[in-house]
Novice: 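Could you have a look at this structure, given as structure tokens, before my questions?
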Amino acid sequence: MENLTQLFIEAGTLMLVGMVFVYTFLGLLVLIINKFLAPLAKAYPDPVLQPKRKPSTTKTLSTEGVSPSVVAAISAAVSTYRQQNKKS
Amino acid sequence: MENLTQLFIEAGTLMLVGMVFVYTFLGLLVLIINKFLAPLAKAYPDPVLQPKRKPSTTKTLSTEGVSPSVVAAISAAVSTYRQQNKKS
Amino acid sequence: MENLTQLFIEAGTLMLVGMVFVYTFLGLLVLIINKFLAPLAKAYPDPVLQPKRKPSTTKTLSTEGVSPSVVAAISAAVSTYRQQNKKS
Amino acid sequence: MELLNTLWLSTGLAHFEFGQVVMMSVGAILLYLAIVRNFEPLLLLPMGFGAILTNIPLAGFTEAGGLLHYIYEVGISTGVFPLLIFMGVGAMTDFGALIANPKVLLLGAAAQLGIFATLFGAIALNVIPGIEFTLKDASAIAIIGGADGPTAIFLASKLAPELLGAIAVAAYSYMALVPIIQPPIMRALTNVDERKIEMEQLRHVTKVEKVIFPLAVLLMTIFFLPAATPLVGMFCLGNLMRESGVVDRLSATAQNELINITTIFLGLGVGSKLSAEKFLNVETLGILALGAVAFSIGTAGGVLMAKLMNKFSKTPINPLIGAAGVSAVPMAARVANKVGLEANPHNFLLMHAMGPNVAGVLGSAVAAGILLALVG
Amino acid sequence: MELLNTLWLSTGLAHFEFGQVVMMSVGAILLYLAIVRNFEPLLLLPMGFGAILTNIPLAGFTEAGGLLHYIYEVGISTGVFPLLIFMGVGAMTDFGALIANPKVLLLGAAAQLGIFATLFGAIALNVIPGIEFTLKDASAIAIIGGADGPTAIFLASKLAPELLGAIAVAAYSYMALVPIIQPPIMRALTNVDERKIEMEQLRHVTKVEKVIFPLAVLLMTIFFLPAATPLVGMFCLGNLMRESGVVDRLSATAQNELINITTIFLGLGVGSKLSAEKFLNVETLGILALGAVAFSIGTAGGVLMAKLMNKFSKTPINPLIGAAGVSAVPMAARVANKVGLEANPHNFLLMHAMGPNVAGVLGSAVAAGILLALVG
Amino acid sequence: MELLNTLWLSTGLAHFEFGQVVMMSVGAILLYLAIVRNFEPLLLLPMGFGAILTNIPLAGFTEAGGLLHYIYEVGISTGVFPLLIFMGVGAMTDFGALIANPKVLLLGAAAQLGIFATLFGAIALNVIPGIEFTLKDASAIAIIGGADGPTAIFLASKLAPELLGAIAVAAYSYMALVPIIQPPIMRALTNVDERKIEMEQLRHVTKVEKVIFPLAVLLMTIFFLPAATPLVGMFCLGNLMRESGVVDRLSATAQNELINITTIFLGLGVGSKLSAEKFLNVETLGILALGAVAFSIGTAGGVLMAKLMNKFSKTPINPLIGAAGVSAVPMAARVANKVGLEANPHNFLLMHAMGPNVAGVLGSAVAAGILLALVG
Ligand code: NA
Ligand code: NA
Ligand code: NA
């Protein structure tokens, strides 16, 4: 049983040392992020990318939200027609 | 020549035993499929999937089959224009 | 210093032999290409492939270059409207 | 006649031992869990299959010259396969949620209580006759509480290779069982009001932070725990490849083909340790029991720590996200999100739980390093 | 002057032996067959290239420290590469057609006559002076009749590594020649009415069946022929990964990158066995002759069995699909389809021929297992 | 207390040596160059990371059983990794521009002056106390002038493994510096009129030519320089897989996943040679100095040869494309294009410079073969 007691003591110490170490390690990491990384974010912000306007590929079924090309086409067609009508 | 005869006997036996074994093995597999797998097919049929109707992405060049959004846009544009004309 | 002189002589010879060999090797390759490969090009020309005309998938935002389906739809809509107006 | 006898003796039927039949059933159960129950199939499918192959009489898969023997020796006893998996996992990990709210690292620390308490428990099991765990064995078993497969396999291959099969089975099974194990514990330790707590939206994390972060983690590991640098180092290498943006083709390969190839081999190789003589004993039962304890204590540790932090924090912390500190990425984070939604249908905790979730990976790698340094 | 002499002595021209020149021509012929005639290019291209590299004087590709030496020792003498290929092939195989009409398994059995008759033939060749085939040699040669590359390479590496080069060349060459070898035999053994027979549409096979099937095959192999479990097991693992649907990323990698990488190395490694002293002898001629015999007998066996079955079957069986039982997937099935269309332009046999085709893969893996068990 | 001491002794802080700190800084600088300056990141990122891992006290990455030890022994000391990279590069190389205008091969030959002059220079450095380069060392250093990473690593691993780290660092650094090193030399050796020279459009190259070309190169290497066949052979195998069009899946894998996996390991393995005792000495400074000389002389050699050829050629040759003969594909070709555009905004030299660029790869592989044959 002596041996087992010895093992228990070792395991208990290991538990204690281990948890303290893990907390210390990750706690230090919290500090590092707060002290060094977060300021970096302000010093080197991400470059503002002009959001490449991807031609929207969503298909809309309602009248609202029609794609710009369609609207442009219709405006052109309608105004052309209006002018033709005026002339006549 | 004795040695060769011996080899021939061994090769012949191997041929016989081999073919019998292959037939037995694959024949048993036939049985297993018929007795065990085929009934499984009835017990656990494939789930009937609602065929996901993908929005059709084909582009049409004729007037028929124009995509709904375009039709909606045009209807709206034309009816707007019609109302404006009426007012004037 | 004797040893170093010896090394210099070896290095010099190596430089000479190496450059001559590289030139000879790649020079021979020039010959081979001119004498053997180039004639092969005439003997076995590439088969002429009918270029598969991919349907153009570019989307345009300006009125010009509106996709054919949109134009077709608008023409149809407008001409329909025109006829309706005439009748009324 | 002699040939027929040879033929009979070359069938499996003539040579089956009881233990092999049982172990092939274990393999079949693993396949069932993987395929039907969708329990961590990426590893349990090849592992279950490997377990079956290993126990085929006469086939010699694990003897010198056998396929699984080569796989094990090349990739697992050297530790190479778990490290490559770890590199791939690093390349798949986004530390954004953690960098945005770094104090959740403490949740990842708290959940490692599962590991160290289990170590104590494993030693305690020595009172049972038939079980004799050394401190090395106990450490290898305890790492199950890290809820991280490659870490468990790596440590077990170094400290207790003869227990590797049981440890890997326990680790992956309980990882798959996280949605069953965790919620009762989470509900027992919190009240509804706590579970309803909504957290503030996370700030944007810049590219520079994400590139520096793996290097900072590596540097700290070098300073304080070199024994953890194989695991942490490969993880950080993968993450750096991902975030640097200059080696996208390497990052893509590490996340896909390389990790896939390695996973197939890792599963088969671990399965090769599921032989009757190594698995069918009371120690395996002990390991399975300890694994459940480890996950439970880890979960409790994370939740209680989160409750404590919520008391002192300026911004509110939902204690449920503490449970994600055990890692089991991303399952535990999803569980936190689900339990949170039950209490408050507008409370989306997923992103907040990803922080402690990846912190848990770091935490258990650090714990593995401590065990290697002090026990190995 | 001395340096110039050293330079001359370091050219290949100063060291060529006649055998090397001949073997490099053999390599060039393999490249020609692969590139211009499209004969099994995936393996014949690297194999032909490997044959050329192997025979370069002074380059030492197959000596200790040489690239091909490493490839051969790591992947071929261990059997690892053919087994990985087999896993990939399993992941690419759809057993649906076979499960829907299981009696075609008997066609896959019948076509293995090509293997066992060739074994007898190889022993018979011993009457020719200069040829001395042991039973092991004869078995390794006979497996050419299996019309399955990885099986042939695996068995040859175990039973007769010194014949591996000739056996692999024969196996892949005749597999590529299937569209030339099979049709005359098929036409000779059937009449037009038989070739016109239309077969009933196959029933739908469910996912559950497809998942259970590889496990059933593995179980039978374990019971009756453990010696075949390396080949059959890896094949079934690949197929299970495919059909289970839970590890799609592993299945995709096994079917693509992993099998591609292995194929490059397998081809180079096999090519390294195409050295003059191992290939340029009368035994190689014997092997090439026996290979043609093996494919012919296998084809005939399948067709005749199909004719026999057609007499007793309730549903009609077109005898042409018996020829697909030699495997050579999917070439032999396409040949059956093509010859069928000649007789009846509305008769599409492709799906029906896929059943015996994949049955043939199982059949020759089983045959390889028998040879390993009884002769190895 | 004892445990705390063990814990302290297991931190890195207790064991750091000065050399290790310096070498980790070197690794950090390589990472900086890769990530921020975009210097050959595919190799410098894993190499820099490997350098850091290698120098971690207690971690044992390069000791028996360590990850980097395995990687180095398996892939670099055998020469396998550089050869696989070379196969992938071959599969990515289009020789069209070279076949269309074959005389640019002479530019690729001229640029190899960088190699052989540096060999002489390395021997000359022996006058400096503390530097003692043997002819083998000098040859391994000289190959930096080939401006080709895998060739340099392959040759260094054969001739001077203890210098491998410094040689690889120099080779990749100067390759990345090509846009800075070359333009001043190019401008100094040419006048504006020469730089304005427009070249005729290249003829179309057929598929047959492209398929025969790698075989012709291989045949010549077999005849005249077998020692170069490992490098040239694997390169030609990759190119043949690409151009033959019959093994597209193998070619795709060689160009992507296989080369990516190998690159990660090659970088780590080379990094493992960046240990203090092997790198921190006056020889490394010598190597870095010689590398700059090598690139400069190679560039000058190519440009001067192009000027000479322009005098005798029927069709005009812009001397700038001679600089691309050092290889450093495709950077050097882009530099030639850029400098050309400065003098004449309508002068697009890129395609014309690709010819000498790929010729330079062949040229330095041939030079490596010569060094192996005469010095190795
Ligand atoms: Na964890
Ligand atoms: Na077969
Ligand atoms: Na070069």
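Within every chain, numbering begins at 1; the chains are lettered A, B, ... in the order of the sequence lines, protein sequences first and strands thereafter.
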Novice: What part of Leu371(F) gets within 4.5 angstrom of chain C, counting heavy atoms only: side chain, backbone, both, or neither?
Specialist: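 Contact with chain C is through the side chain of Leu371(F) alone.
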Novice: Between Ile99(F) and chain C, which part of the residue has a heavy atom less than 4.5 Å away: side chain, backbone, both or neither?
Specialist: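 Ile99(F) touches chain C through backbone and side-chain heavy atoms alike.
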Novice: Looking only at the aromatic ring of each residue, does the gap between the centers of Phe120(F) and Phe8(C) stay below 6.0 angstrom?
Specialist: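 They qualify: ring centres under 6.0 Å apart.
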Novice: Starting from the C-alpha separation in whole Å, work towards a yes-or-no answer on side-chain contact (heavy atoms from CB on, under 4.5 Å) for Leu113(F) and Val22(C).
Specialist: CA-CA 10 Å; Leu113(F) 186 62; Val22(C) 168; over 6 Å; no
Novice: Starting at CE of Met15(C), measure out to OG1 of Thr118(F) and round the result to the nearest 0.5 Å.
Specialist: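 With rounding to 0.5 Å, CE (Met15(C)) is 10.0 Å from OG1 (Thr118(F)).
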Novice: Tell me if a side-chain donor or acceptor on Asp46(C) pairs with a main-chain N or O of Lys207(F) at a distance below 3.5 Å.
Specialist: yes
Novice: Give the minimum heavy-atom separation between Gly108(F) and Leu26(C), together with the two atoms involved.
Specialist: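 Closest approach of Gly108(F) to Leu26(C), heavy atoms only: C-CD1, 4.0 Å.
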Novice: Could you give me the CA-CA distance, side-chain angles and deciding distance for Tyr44(C) and Thr206(F), then say whether side-chain contact (heavy atoms from CB on, under 4.5 Å) is met?
Specialist: CA-CA 8 Å; Tyr44(C) 302 97; Thr206(F) 63; 5.9 Å; no
Novice: Is it the side chain or the backbone of Ala124(F) that comes within 4.5 Å of chain C heavy atoms, both, or neither?
Specialist: both
Novice: Rounded to the nearest 0.5 Å, how far does CZ of Phe25(C) lie from CG of Leu225(F)?
Specialist: 6.5 Å
Novice: To the nearest 0.5 angstrom, please state how far the CG atom of Leu37(C) sits from the CZ atom of Phe213(F).
Specialist: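 Separation between the atoms: 7.5 Å.
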Novice: About how many Å separate CG of Leu119(F) and CG of Leu7(C), when rounded to the nearest 0.5 Å?
Specialist: 10.0 Å
Novice: Give the minimum heavy-atom separation between Asn34(C) and Pro102(F), together with the two atoms involved.
Specialist: OD1-CG, 3.2 Å
Novice: State, to 0.1 Å, how close Ile123(F) and Leu4(C) come at their nearest heavy-atom pair, and which atoms those are.
Specialist: O-CD1, 4.0 Å
Novice: So Ile370(F) and Leu14(C), do their side chains get closer than 4.5 Å, heavy atoms only?
Specialist: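 Side chain of Leu14(C) against side chain of Ile370(F), heavy atoms only: no contact under 4.5 Å found.
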Novice: Please flag which part of Leu29(C) lies under 4.5 Å from any non-hydrogen atom of chain F: side chain, backbone, both or neither.
Specialist: both
Novice: Which residue out of Val375(F), Asn126(F), Val366(F), Ile115(F) racks up the most heavy-atom pairs below 4.5 Å with chain C?
Specialist: Val366(F)
Novice: Heavy-atom distances under 4.5 Å only: say whether Ala43(C) touches chain F with side chain, backbone, both or neither.
Specialist: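 Neither part.
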Novice: Go through the atoms of Val205(F) and report whether side chain, backbone, both or neither lie under 4.5 Å from a heavy atom of chain C.
Specialist: backbone
Novice: Quick one: pull up CD1 in Ile32(C) and CG in Leu219(F) and give me the separation to the nearest 0.5 Å.
Specialist: 7.5 Å
Novice: Distance check, rounded to the nearest 0.5 Å: Lys42(C) atom NZ versus Glu209(F) atom CD?
Specialist: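 Separation between the atoms: 9.0 Å.
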Novice: Side chain, backbone, both or neither: which part of Leu28(C) has an atom under 4.5 Å from a heavy atom of chain F?
Specialist: both
Novice: Under 4.5 Å heavy-atom distance to chain C, tell me which part of Ala110(F) shows up: side chain, backbone, both or neither.
Specialist: both
Novice: Might you point out which heavy atoms bring Met19(C) and Phe116(F) nearest each other, and give the distance in Å?
Specialist: SD-CD1, 3.5 Å
Novice: May I ask you to name which of Met305(F), Lys210(F), Lys103(F) has the most heavy-atom pairs under 4.5 Å with chain C?
Specialist: Met305(F)
